[in-house]
Amino acid sequence: MAGETENLTDGAHLVIDALKLNGIETLFGVVGIPITDLARLAQAEGLRYIGFRHEQPAGHAAGVSGFLTGKPGICLTVSAPGFLNGMVALANATTNGFPMILISGSSDRAIVDLQRGDYEELDQMNAAKPYAKAAYRVNRPEDIGLGVARAIRTAVSGRPGGVYLDLPADVISATIDAEAGKRSLIQVVDPAPRQLPAADAVARALALLAHAKRPLIVIGKGAAYSRAEDAIRQFVEATGIPFLPMSMGKGVLPDTHPQCAAAARSLVLKEADVVLLLGARLNWLLGHGKSPEWAPDFQLIQVDIHAAEMDSNRAVAAPVVGDILSSVEAMLAGLPAAGVTPQTAWNDAIAAHKAVNREKMEKHLAANPSPMDFFSAFGAIRKVVADKPDLYIVSEGANTLDIGRNLIDQHLPRHRLDVGTWGVMGVGLGNAIGAAVTTGKQVLAIEGDSAFGFSGMEVETICRYGLPVTLVVLNNGGIYKGDDHNRSGGSDPAPTVLDLKARYDQVIEAFGGKGYHVETPDALAAALAEALASGKPALINAVIDPHAGTESGHLTNLNPQSAVSHG
């Protein structure tokens, strides 16, 4: 056992041994009191430690690592302020259903509980509870194995989520008998058991599909996480039902699949009479299932591992509670007797609508305005990445995210990583680092200039570890766009205005990466092709029209406007 000295071991060694015993290979985090030596020890004992400049992107990296692997990503932080910095990522993981464990050092319980004013004093466990799937504190070194095991099982079982594990400084340094410590460790068996759906629930769902004239399948990131792509492809192709992928559900089936209805989204949502949700929630991303975006009387089939998700926004006619893979396999088995047949007229109407929309979009993409707009920039990016299906795409920013998700085709599951359910800005560089470290593959992060600013210092992390990450910053000089004005007439910039002259490319050059400054689609395409071919850290500052973009992207209705004009 690691760290045995005169038949003793300590809490730090027990933490590392417990993680290794359960197949954890990587930690993301920021070191400091009281976990610096814990990170050193982890590295010495064979775990990979990726050190960030801020805890929030470190936590996002852990969350996306959990999504990509199905094992909990681990984020390690210091106490109090560092813990709080990581809390945004913990809450984001919980909301998105990413398995993640935030492990933070903390102050002496005897001092914290009496509020005696310890260094970075904070009751971290209770602070974490509202934002995590569960929060645990280890008060004795002999319970470390139990705490790690409970955190792992909680993070990955049922609907995955974020778990907080509190490690007081005195527990990390405490010593116990080495053999007793070894016996206290737990290797978690079957931490995420399959949850089979009820047979009558499957039959009810298939009966509803059999009577549908305009059925639709909506594929969410839960389907991607469940590794159900093969079963879903079989089901989609056997039934002939069109599908609409949610942003992180893209690639479960290729966007180029003939039954993909993404280019006819407004039509299929408005006209569908029966909708099958596969690992997708009927939340704000789908207009809560309400008119005018949806037909007022469609019937809903929902497949989800979490029973409480049913009826969250409208009645579910056929709830199927189970993991996505098991549920789709059960539906496949029941298809021969169910009588679900392709609806030719419906599919033809969708195909015609897609053709019209694609023709309109091609005109946007082929345009060559000066300066660039979002469409001409994405047209250049799309050409370069078209023959790179294994490229991981990260995206964030209002217009950058909304426009880009429709223009970059995904061919493989779990290869698009963005803001997900919660819509949090600042996930981009953490997601990019997490994907590069976890997969070893090349990552392209397409960032709005505002979104990049949330975690831009992590370009140093990318360069320090030599990660194959290329960043494209679409720089229109503002939050949403850069053409607003100060209503007071004063010299301060308007609330949404940033610096259009900013040279983001020079930021990465400061740390040894390759920077590019481009102002045309051709220059953007050339720079991107060169950067991806190098496999080295790069950042492209792509200047676009400050008038390009819309307020709040596609979410203008969520940003209240003042009822009174002030000129």
> Using a 3.5 Å distance criterion without hydrogens, assess whether the side chain of Arg414 forms a donor-acceptor pair with backbone atoms of Leu68.
no
> Would you indicate whether the side-chain heavy atoms of Pro254 and Cys260 approach each other to under 4.5 Å?
no
> Can any side-chain N or O of Trp346 pair as donor or acceptor with the backbone N or O of Lys213 at less than 3.5 Å?
no
> Which distance, rounded to the nearest 0.5 Å, do you find between the OH of Tyr392 and the NZ of Lys441?
5.5 Å
> Taking the side chain as C-beta and beyond, is there a heavy-atom pair between Tyr136 and Thr154 under 4.5 Å?
yes
> To check you understand the geometry: which heavy-atom pair defines the closest contact between Pro319 and Ala201, and what is its length?
O-CB, 3.5 Å
> Could you pull out the closest heavy-atom pair between Ala531 and Gln442, with the gap in Å?
O-NE2, 4.4 Å
> For residues 296-340, which residue pairs qualify under ring-ring contact (aromatic ring centres under 6.0 Å, His included), counting only residues two or more places apart or in two chains?
Trp294-Phe298
> Working to the nearest 0.5 Å, report the span between CZ of Arg405 and CD1 of Ile393.
14.0 Å
> Measure the CG-CD1 distance between Leu47 and Ile50 for me, rounded to the nearest 0.5 Å.
11.5 Å
> Check whether Arg153 reaches the backbone of Asp190 with its side chain - one donor and one acceptor, N or O, closer than 3.5 Å.
yes
> Do you know which two heavy atoms are closest between Leu278 and Ala223, and how far apart they sit?
O-CB, 3.8 Å
> Quick one: does any side-chain atom of Gln259 pair with a main-chain N or O of Val236 as donor and acceptor, under 3.5 Å?
yes
> Under the salt bridge (charged side-chain N to carboxylate O under 4.0 Å, His left out) definition, can you give me all pairs with a residue in residues 294-319, not counting sequence neighbours?
Arg159-Asp304, Arg159-Glu309
> Taking the side chain as C-beta and beyond, is there a heavy-atom pair between Phe235 and Met331 under 4.5 Å?
yes
> For residues 52-63, dump all side-chain donor-acceptor pairs below 3.5 Å to protein atoms at least two apart in sequence or in another chain.
residue, atom, partner, partner atom, Å
Arg53, NH1, Glu460, OE1, 3.2
His54, ND1, Gln56, N, 3.0
Glu55, OE1, Asn85, ND2, 2.9

> Run the salt-bridge test on Glu362 and Arg358 with the 4.0 Å N-O cut-off and return the result as yes or no.
no
> Do Tyr164 and Phe83 have their ring centres less than 6.0 Å from each other?
yes
> Nearest 0.5 Å please: distance from the CG atom of Leu401 over to the CD1 atom of Ile446.
10.0 Å
> Is the backbone of Gly240 close enough, under 3.5 Å, to the side chain of Asn347 for a donor and an acceptor to pair up by distance?
yes
> If you draw a 6.0 Å radius around CD in Gln195, do more than 12 non-hydrogen atoms from other residues or ligands fall strictly inside?
yes
> Can Leu27 and Arg48 be said to form a side chain to side chain contact (heavy atoms under 4.5 Å, CB included), step by step?
CA-CA 6 Å; Leu27 307 179; Arg48 191 174 188 193; over 6 Å; no
> Is it the case that Thr461 and Glu458 place a side-chain donor and acceptor less than 3.5 Å from each other?
yes
> Just by distance, do the side chain of His211 and the backbone of Ala207 share a donor-acceptor pair under 3.5 Å?
yes
> In sequence, state the C-alpha distance, the side-chain angles, and the governing distance for Val316 and Ile301, and then conclude on side chain to side chain contact (heavy atoms under 4.5 Å, CB included).
CA-CA 6 Å; Val316 177; Ile301 304 166; 6.0 Å; no
> Could you pull out the closest heavy-atom pair between Ala205 and Val320, with the gap in Å?
CB-CG2, 3.9 Å
> Would you find a donor on one side and an acceptor on the other, under 3.5 Å apart, between the side chain of Asn22 and the backbone of Val188?
yes
> Is there side-chain contact between Ile241 and Leu276, with at least one heavy-atom pair below 4.5 Å?
no
> Answer yes or no: is there a side-chain heavy-atom contact under 4.5 Å between Gln302 and Leu282?
no
> Donor-acceptor pairs are to be reported for all side-chain atoms of residues 416-435 against protein atoms at under 3.5 Å, with residues two or more places apart or in another chain.
residue, atom, partner, partner atom, Å
Arg416, NE, Ser247, OG, 2.9
Arg416, NE, Asp418, OD2, 2.9
Arg416, NH2, Asp418, OD2, 3.3
Asp418, OD1, Gly420, N, 3.0
Asp418, OD2, Ser247, OG, 2.3
Thr421, OG1, Asn96, OD1, 3.3
Thr421, OG1, Lys221, NZ, 2.4

> Working to the nearest 0.5 angstrom, can you tell me the gap between Asp390 CG and Asp387 CG?
12.0 Å
> Closest heavy-atom contact between Ala272 and Leu216?
CB-CB, 3.9 Å
> Between the side chains of Thr26 and Tyr49, does any donor sit under 3.5 Å from an acceptor?
no
> Pick one: which of Leu444, Val443, Leu539, Val394 meets side chain to side chain contact (heavy atoms under 4.5 Å, CB included) with Val469?
Val443
> Taking only residues at least two apart or on different chains, which pairs with a member in residues 255-271 satisfy salt bridge (charged side-chain N to carboxylate O under 4.0 Å, His left out)?
Lys250-Asp255, Arg265-Glu293
> Are Leu102 and Ile74 close enough, and set up right, to give a side chain to side chain contact (heavy atoms under 4.5 Å, CB included), and what steps lead you there?
CA-CA 6 Å; Leu102 177 67; Ile74 309 296; over 6 Å; no
> For Arg233 and Glu229, what are the C-alpha separation, side-chain angles and deciding distance, and is it a salt bridge (Lys or Arg N to Asp or Glu O under 4.0 Å)?
CA-CA 6 Å; Arg233 179 190 282 271; Glu229 50 267 19; over 6 Å; no
> Taking ring-ring contact (aromatic ring centres under 6.0 Å, His included) as the test, write out the residues that go with His257, two or more places apart.
Phe243
> Would the distance check show the side chain of Asp449 and the main-chain N or O of Val473 forming a donor-acceptor pair, the cut-off being under 3.5 Å?
no
> Any heavy-atom pair between the side chains of Ser395 and Thr400 that's under 4.5 Å?
yes
> Can you find a pair of side-chain heavy atoms, one from Phe28 and one from Val437, that are under 4.5 Å apart?
yes
> To check you understand the geometry: which heavy-atom pair defines the closest contact between Leu474 and Ala377, and what is its length?
CD2-CB, 4.0 Å
> Nearest 0.5 angstrom please: Leu196 CG to Glu329 CD, how far?
9.5 Å
> Is there a donor-acceptor contact under 3.5 Å from the side chain of Thr94 to the main chain of Leu90?
yes
> Among Ile217, Leu269, Val275, which one satisfies side chain to side chain contact (heavy atoms under 4.5 Å, CB included) with Leu244?
Leu269
> Can you confirm whether Arg150 sits close enough to Val163 that some side-chain heavy atom of one is under 4.5 Å from a side-chain heavy atom of the other?
no
> Evaluate Cys463 against Ile508 for side chain to side chain contact (heavy atoms under 4.5 Å, CB included), listing each step before the verdict.
CA-CA 8 Å; Cys463 292; Ile508 200 167; 3.6 Å; yes
> Kindly say whether Ile305 contributes a backbone atom to a donor-acceptor pair with the side chain of Asp323 at under 3.5 angstrom?
no
